[in-house]
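Below is one structure, written out as structure tokens, with a few remarks after it.
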Amino acid sequence: MRMSKLFSQTLRESPSDAEITSHILLERAGFIRQLAAGIYTAMPLAKRSLTKIENIMRDEINAIGGQEMSMPVVQPAEIWKRTGRWYKVGPEMGRLKDRNGRDMALAMTHEEAVSDIVKNEIHSYRQLPVLIYHIQTKWRDDPRPRAGLIRVREFTMKDSYSLDRDWEGLDEQYRAHYQAYFDIFHRCDLPVISVKSDVGMMGGTMAHEYMYITPSGEDTLLLCDKCGYSANRQIAVFQKESGPEEEALPLDKVATPEMKTIAALSEFLGVPESKTAKAVFMMATVLEDEEEVEKLVFAIVRGDMDLNETKLTNAIKAKELRPAEEAEIVAVGAVPGYASPIGLDGILVVVDDLIPQSPNLAAGANEEGYHYINVNYGRDYKASVVADIVAARDGDACLGCGASLRAVRGIEVGNIFKLGTWYSEAVGCTYQDEDGEEKPVVMGSYGIGSGRLLASIVEEYNDEYGMILPISVAPYQVYIVAIAGKGEKGAEAMAAAEQLYTDLQEAGVEVLFDDRDESPGVKFNDADLIGIPIRLTVGPRSLKDGGVEFKRRDQKEREIVPLEEVVAKVKELIATLKAEIAERIVPMPFEE
RNA sequence: CGGGGUGUAGCGCAGAGGGUAGCGCGCCGCGUUUGGGACGCGGAGGUCGGCGGUUCAAGUCCGCCCACCCCGACCA
């Protein structure tokens, strides 16, 4: 490709609405252009990189038996109604009507489409196991798209779906994906870790997320450097230290005017926050006699800890959870700021499992301006549910080995999920087993977003001048800077550059040839910005020095290579760069 | 959805106090120049986010709306 013909242009200045590195660089280098919030055009350079990433995914998923297909983005509402997600999901799903007034949905993922196909295509155990996948557009009307390609509304995802007779089969395909995903990220040269993650409402039994660790990430992860435990904060467990044993003291009511926060209360009473109980009110949507009802949940955690909403959701099997409004709290007879489970009837009280081991806590008295001291679980009140519902924090002790957990931020670049039979049962995806019995297909789903992956790679590999793309992802392998000038020397250099361009292409090398009538500075800067791994400079000076200047984007050193050796040298370096990446592809330990 | 911010040429920005819009980069033409974002001369390009109001007169003042960005809520 000639730079003089390339459709996109580079920008000297960053667009004012870009803040994070990958967004700035992808915009400046002409890879992407924004159409609306969370909606981007992939320009030719980005498209080439994305295609490379997608081909790596194809390779790896094909290698574990995947069959590529393509499922529609616009889908009839019926299949979403069948699984209930038409009603459950809310405004995140794109909805429209076709010309006949029928409800249609824009796919946010493809479990429904898969289930529909499976229902019709799979009849016998003989057809299982099978693995299907596609690389397709998704629409999720995220309330807050941000950070360029990191969090968008329209995106392309490689999603695969495993179909098995039983859970053992699912285990096998899940493990195959577990490794294949590492291989995909490693081939893209992106360092990732896997963390255990929430399985949510889908009734799955296991899920992992692949995380690229970076401060700009949106998820918080807890890692144990000693034993290797790693989990999303949503589900991370840790050792809780109960305080020293104490005799239960008599319950007492004390005046605590204006002490509505834990910090204020603890200071006023002169006790540590760990000697207080914190009340958090949430409204949960739960299933009661097959009916969805919204209930107030009174969650109690020790004052020095934070409620983890995911854990609470799971503990009470809620479909949804949201903070309660003051009116809803008052409605059950609780007094915000001084709330107490003591003497409240008929509400769902959930206490953290550390509370029963924490004697003599200070808690609200359900009376404006008063708290109880020496509140003891069991004696003074009881809960409907006792469960781990607090969030792990940096420095907490690892449940497995006791070492200190480290909290880091990460971007989720992929996830794998044991769906089980939730969809199969909802939709009726069954097969006949050897014994003639109808059984639900056991499913798994596995996804990687290609744009977010590209953005993460750019986040990882850049310097003050621009991107430094890995050879496997770069839109081109070589960037030729032609330095011309008038006169005979200049014409000679241009001719040499043209010849080099032709020779490299004939040798199968992907070349971006900067043949523009621009000053050398512009070309060097654009070469750095776009981040092509190998830069070749041909000009009167390099020819005088004996050939072509050869430079890796990721190194400072330059050397002159004679014209007749350049092609061989380029091919050799490409092979070396590929080999360096290949070394990163290693088996990763899988933990149950 | 709550809080904050920004909308003026393709991009980045300036336009106190109302008087009909400017700078840099980029773009077009001609010429010079060619190893780290060159130079000269000549050009093109803007319903100032939208609608309404105040006024003789609105980019500027007032009201409503929209879009985009950031923080939070949210994120199968």
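A note on names: the letters A, B, ... follow the listed sequences, proteins ahead of strands, and every chain is numbered from 1. Values below: every heavy atom of this structure, side chains too, minus hydrogens, waters and symmetry copies.
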Open item on the list: Applying the Watson-Crick and G-U wobble criteria at under 3.5 Å, what pairs with B:rU47? Answer none if nothing qualifies.
Closed with: none
Task: Under 3.5 Å on both distances, the Watson-Crick or G-U partner of B:rG36 - done: none
Task: Nearest listed nucleotide, side chain of A:Asp528, among B:rA76, B:rG36, B:rC68 - done: B:rG36
TODO: Would you name the heavy atoms of A:Asn308 and A:Ile235 that are closest together and state the gap between them?
DONE: ND2-N, 4.3 Å
Task: Rounded distance (Å) that lies between atom C1' of B:rG37 and atom CG of A:Leu529 - done: 11 Å
- [ ] Report the distance from atom CG of A:Asp514 to atom C1' of B:rG36, rounded to the nearest whole Å.
- [x] 13 Å
Open item on the list: Tell me if the side-chain of A:Arg151 makes a donor-acceptor pair with the base of B:rC74, cut-off 3.5 Å, by modelled atom types.
Closed with: yes
Open item on the list: I want to check one thing: is the phosphate of B:rC69, taken as OP1 and OP2, less than 4.0 Å away from some side-chain N or O of A:Gln34?
Closed with: yes
Task: Nearest listed nucleotide, side chain of A:Glu92, among B:rC69, B:rC75, B:rG37 - done: B:rC75
Task: Nucleotide of B:rA76, B:rG35, B:rC75 approaching A:Thr537 most closely (side-chain heavy atoms) - done: B:rG35
Task: Protein-nucleotide distance (A:Lys489, atom NZ; B:rG35, atom C1'), rounded to Å - done: 15 Å
Open item on the list: Give me the distance, rounded to whole Å, that separates B:rC25 from B:rC41 when you measure between the P atoms they each carry.
Closed with: 12 Å
Task: Nucleotide nearest A:Ser542 when distance is taken to its side chain, options B:rC68, B:rG35, B:rA76 - done: B:rG35
Task: Rounded C1' spacing from B:rG45 to B:rC28 in Å - done: 10 Å
Task: Nucleotide paired to B:rG18 in any strand shown, Watson-Crick or G-U, under 3.5 Å - done: none
Open item on the list: Taking B:rA58 as the reference, what is the distance to B:rC48 when you measure between their C1' atoms (whole Å, please)?
Closed with: 11 Å
Task: Pair assignment for B:rG72, Watson-Crick or G-U wobble, requiring both distances under 3.5 Å - done: B:rC1
Open item on the list: Classify A:Asn415 by what it touches in the nucleic acid, base, sugar-phosphate, or nothing, heavy-atom distance under 4.0 Å.
Closed with: base
Task: Inter-residue atom distance A:Ile61.CD1 - A:Glu68.CD, 0.5 Å rounding - done: 10.5 Å
TODO: Kindly compute the distance separating CD (A:Glu111) from OH (A:Tyr423), expressed to the nearest 0.5 Å.
DONE: 4.5 Å
TODO: Could you run through nucleotides 21-27 of chain B and give me one letter per nucleotide, 5' to 3': B if any protein heavy atom sits under 4.0 Å from the base, S if only the sugar-phosphate is that close, - if neither?
DONE: ---BSS-
TODO: Decide ring pair (Phe, Tyr, Trp, His ring centres under 6.0 Å) for A:Tyr161 and A:Tyr133; before the verdict, give the C-alpha distance in whole Å, the side-chain angles of both, and the deciding distance to 0.1 Å.
DONE: CA-CA 6 Å; A:Tyr161 302 88; A:Tyr133 75 98; 10.0 Å; no
Open item on the list: Once you apply a heavy-atom cut-off of 4.0 Å, does A:Pro143 come out as touching a base, just sugar-phosphate, or nothing?
Closed with: base
TODO: State the pairing partner of B:rA57; accept Watson-Crick or G-U wobble contacts with both distances under 3.5 Å, and report none otherwise.
DONE: none
Task: B:rA16, syn or anti by chi within 90 degrees of zero - done: syn
- [ ] Return the value, rounded to whole Å, for the distance between atom OH of A:Tyr465 and atom P of B:rG37.
- [x] 11 Å
Open item on the list: Looking at A:Lys551, I'd like to know if its NZ atom is crowded, meaning that more than 12 non-hydrogen atoms belonging to other residues, nucleotides or ligands lie closer than 6.0 Å.
Closed with: yes
TODO: Between A:Pro15 and A:Arg452, just flag the one whose closest nucleotide in RNA chain B comes earlier from the 5' side.
DONE: A:Pro15
Open item on the list: A:Lys311: which residues meet the side chain to side chain donor-acceptor pair (under 3.5 Å) condition with it, sequence neighbours left out?
Closed with: A:Asp388
Task: Parallel, tilted or perpendicular: rings of A:Tyr174 and A:His208 (30°, 60°) - done: tilted
Open item on the list: Before we go on, tell me: are the rings of A:Tyr446 and A:Phe417 under 6.0 Å apart, centre to centre?
Closed with: no
TODO: Determine the contact category for A:Arg558: base if any of its heavy atoms lies under 4.0 Å from a base atom, sugar-phosphate if only primed atoms, P, OP1 or OP2 are that close, otherwise nothing.
DONE: base
- [ ] Just call it for A:Glu218: base, sugar-phosphate, or nothing, with non-hydrogen atoms closer than 4.0 Å on any strand.
- [x] nothing
- [ ] Take the protein atom CG of A:Leu11 and the nucleotide atom P of B:rC11, then report the distance between them rounded to whole Å.
- [x] 9 Å
Task: Aromatic ring pairing A:Tyr178/A:Tyr210, orientation class (parallel under 30°, perpendicular over 60°, tilted between) - done: tilted
- [ ] May I have the distance from A:Ile20 (atom CD1) to B:rC70 (atom P), rounded to whole angstrom?
- [x] 9 Å
Task: Among B:rC68, B:rG35, B:rA76, the one nearest A:Arg153 by side-chain distance - done: B:rC68
Open item on the list: Tell me which nucleotide, if any, is Watson-Crick or G-U wobble paired with B:rC41 when both distances must be under 3.5 Å.
Closed with: B:rG29
Task: Selected nucleotide, minimal atom distance to A:Ser16 side chain, candidates B:rC74, B:rA76, B:rG12 - done: B:rG12
Open item on the list: For a quick check of understanding: with a heavy-atom distance under 4.0 Å over all strands, which category does A:Asn525 fall into, base, sugar-phosphate or nothing?
Closed with: base
TODO: Please determine if a side-chain N or O atom of A:Arg28 lies less than 4.0 Å away from the OP1 or OP2 oxygen of B:rC11.
DONE: no
Open item on the list: Using a distance-only criterion (donor-acceptor N/O pair, under 3.5 Å, no hydrogens), is the base of B:rG36 paired with the side chain of A:Arg535?
Closed with: yes
Open item on the list: I need the minimum non-hydrogen distance between A:Ile20 and A:Glu459, along with the two atoms involved.
Closed with: CD1-OE2, 3.3 Å
- [ ] Assign each of A:Phe524 and A:Glu111 to its nearest nucleotide of RNA chain B by heavy atoms, then name whichever residue's nucleotide is nearer the 5' end.
- [x] A:Phe524
Task: Paired nucleotide for B:rA9 [Watson-Crick or G-U wobble; both distances under 3.5 Å] - done: none
Open item on the list: Using whole Å, what does the distance between atom P of nucleotide B:rA67 and atom CG of A:Leu35 come to?
Closed with: 14 Å
TODO: Describe the nucleic acid contact of A:Glu309 in one word from base, sugar-phosphate, nothing, applying a heavy-atom distance below 4.0 Å.
DONE: sugar-phosphate
Task: Length of the line joining A:Arg144:CZ and B:rC1:P, which is rounded to integer Å - done: 15 Å
TODO: Give one of base, sugar-phosphate or nothing for A:Ala493, where a contact means two heavy atoms less than 4.0 Å apart.
DONE: nothing
